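A quick write-up on the structure given underneath.
Small disclaimer: the values here were computed from a predicted structure and weren't measured. What you see below is based on every heavy atom in this structure, not just the backbone, and it leaves out hydrogens, waters and symmetry mates. Just so you know, residue 1 is the first one in the sequence shown, and it goes up from there.
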Amino acid sequence: MIVGIGVIVAVAVAATGGGTKDKKTPTESTGRSPGPSLSLPSGLPSLPSGLPTELVPTDLESFFPSLADDEVPYYMLQKGDCFDTDDHLPGQAVKRTCTEPHDAEVVKVAELDGTYTTNAALKKAASTLCQGPLERKAAGQAAGTVRDTLVQYPDTGGYKVGIDKVACSLAADVGKGTHKLTKPLK
């Protein structure tokens, strides 16, 4: 059974240069990340002969979407990873080297702990885990460098199956902005 895991991506409070804060309304979207790959045990009985060959798949991997080598689910990011976001692939990150233009950098990866029955409760818990580390890291950046924060966390379905990671990131412009980070954060 393949289980798709939904992920909510929330864009939280924006940090701007000079220590001032520009409050923005958070946005959320739900997407799907690819399910686990399917592997069949080698001890399965063979299919009876005479079956039409078009009914027997020869390449099961072709039925499932695959990510590019640099695309990962947000929960596989680590502190210091730089990445781009894509509005069409919420919950996914396209890893970049920190010396080339990129949307965001992971400041902290935290783990949710507790019982959460709603996406709103998960969002609140994730925001609380990220607030302090993001504020401290943003304060050390040159004016105008960091403009947004990005808090990525699982939805209730993902949390129920064991995804408990929260990625806390500082970003140049999330969404349709054109400003990019061009080096690692200080």
Practice task
Flag yes if Leu134 and Leu112 sit in one hydrophobic cluster, no otherwise; membership is Ile, Leu, Val, Met, Phe, Trp, Tyr, and two members link when side-chain heavy atoms are under 4.5 Å apart.
Solution key: yes
Exercise for the section: Would you confirm whether Gln141, through its side chain, and Leu185, through its main-chain N or O, come within 3.5 Å as a donor-acceptor pair? Expected result: no
Exercise for the section: Hey, could you give me the CG/NE2 distance between Asp103 and His179, rounded to the nearest 0.5 Å? Expected result: 10.5 Å
Handout entry: With sequence neighbours excluded, residues passing side-chain contact (heavy atoms from CB on, under 4.5 Å) with Lys108
Key = Ala110, Pro133, Cys168
Handout entry: Test salt bridge (Lys or Arg N to Asp or Glu O under 4.0 Å) applied to Asp84 - qualifying residues, sequence neighbours left out
Key = Arg96, Lys180
Problem - Shortest non-hydrogen contact between Val151 and Val166, atoms and distance - result: CG1-CG1, 4.0 Å
Exercise for the section: State, with a plain yes or no, whether a side-chain heavy atom of Thr85 is found less than 4.5 Å away from one of Phe83. Expected result: yes
Fill in the blank from the handout: Heavy atoms of Glu111 and Lys165 approach each other most closely as OE2-NZ, 2.7 Å
Problem - Transitive ILVMFWY side-chain link Val72 to Ile163, under 4.5 Å - result: yes
Fill in the blank from the handout: Correct closest heavy-atom pair for Pro154 and Leu122 would be O-CD1, 3.4 Å
Practice task
Mind jotting down which residue pairs meet the ring pair (Phe, Tyr, Trp, His ring centres under 6.0 Å) criterion with at least one end in residues 110-138? Sequence neighbours excluded, please.
Solution key: Tyr116-Tyr159
Practice task
State which residues pass side-chain contact (heavy atoms from CB on, under 4.5 Å) with Cys82; sequence neighbours excluded, sorted by chain then number.
Solution key: Cys98, His102, Glu105
Completion exercise
Between Leu170 and Ala138 the two heavy atoms that sit nearest each other are CD1-N, 3.6 Å
Problem - Rounded distance [0.5 Å steps], OG1 in Thr149 versus CD in Gln131 - result: 9.5 Å
Exercise for the section: Evaluate the side-chain proximity of Asp81 to Lys95: yes if any heavy-atom separation is below 4.5 Å, no if none is. Expected result: yes
Fill in the blank from the handout: OG1 (Thr118) and NZ (Lys124) are apart, to the nearest 0.5 Å, by 10.0 Å
Problem - Non-neighbouring partners of Gln78 that pass side-chain hydrogen bond (donor to acceptor under 3.5 Å, both in side chains), sequence neighbours left out - result: none
Handout entry: SG on Cys130 to OH on Tyr153, rounded to 0.5 Å
Key = 10.5 Å
Exercise for the section: Say whether, by atom type as modelled, one donor and one acceptor occur between the side chain of Asn119 and the main chain of Thr156 under 3.5 angstrom. Expected result: yes
Practice task
Please answer: with hydrophobic residues joined when any side-chain heavy atoms are less than 4.5 Å apart, are Met76 and Leu150 in the same cluster?
Solution key: yes
Practice task
Only counting residues at least two apart or in another chain, list the ones meeting salt bridge (Lys or Arg N to Asp or Glu O under 4.0 Å) with Lys137.
Solution key: none
Fill in the blank from the handout: When every non-hydrogen atom of Gln152 is compared with those of Ser169, the smallest separation belongs to OE1-OG, 4.4 Å
Practice task
Search all heavy atoms of Leu181 against all heavy atoms of Thr145 and return the closest pair with its distance.
Solution key: CD2-O, 3.5 Å
